[in-house]
Amino acid sequence: MTPMRKIAGTALVVLTLSACGKVGDLQPKVGQAMPDKAYGQSEVPGAEELSTPSVQTRPGRSDELMRRSERRRDDPFDLAPGAEADNGDAPAESTAEDPKKPG
């Protein structure tokens with residue numbers, strides 16, 4: 001291995017390790033201020049609050065397992081393209097046959 005390759009390899013490793021990132025608090029760029037508080041907020045949010053996703057952006061996950069198979073309820077909003085909605089108060093009855101009934 002030539003000395004030039006050793007120097008280039010060492011420089012590459014040093015640059016790679018130095019570019020791992022900054023560890024510390026987030027700060028706005030020089031000359032810029034933090035965002036103003038939103039209407040209705042009592043205080044200006046800090047960097048931690050601004051970088052933490054809200055519950056609406058990351059909803060919780062339900063890990064509840066189904067214990068038995070259940071038929072889906074009819075959905076009055078699940079319409080075929082061009083179909084009109086039923087104006088009744090109760091959801092429409094399913095016209096699908098029950099697979100458990102013979103015949």
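Positions are given from 1 along the sequence. Please read all numbers here as calculations on a predicted model, not as lab measurements.
Scored by the side-chain contact (heavy atoms from CB on, under 4.5 Å) test, Q41 finds K37, A38, P45 as partners (sequence neighbours excluded). For P28, the side-chain contact (heavy atoms from CB on, under 4.5 Å) partners two or more places apart in sequence, or in a different chain, are M34.
Heavy atoms from other residues, nucleotides or ligands lying under 6.0 Å from CD of E43 number 12 at most.
The side chain to side chain contact (heavy atoms under 4.5 Å, CB included) test with L12 singles out one residue from V14, T10, L15, T16, and that residue is T16.
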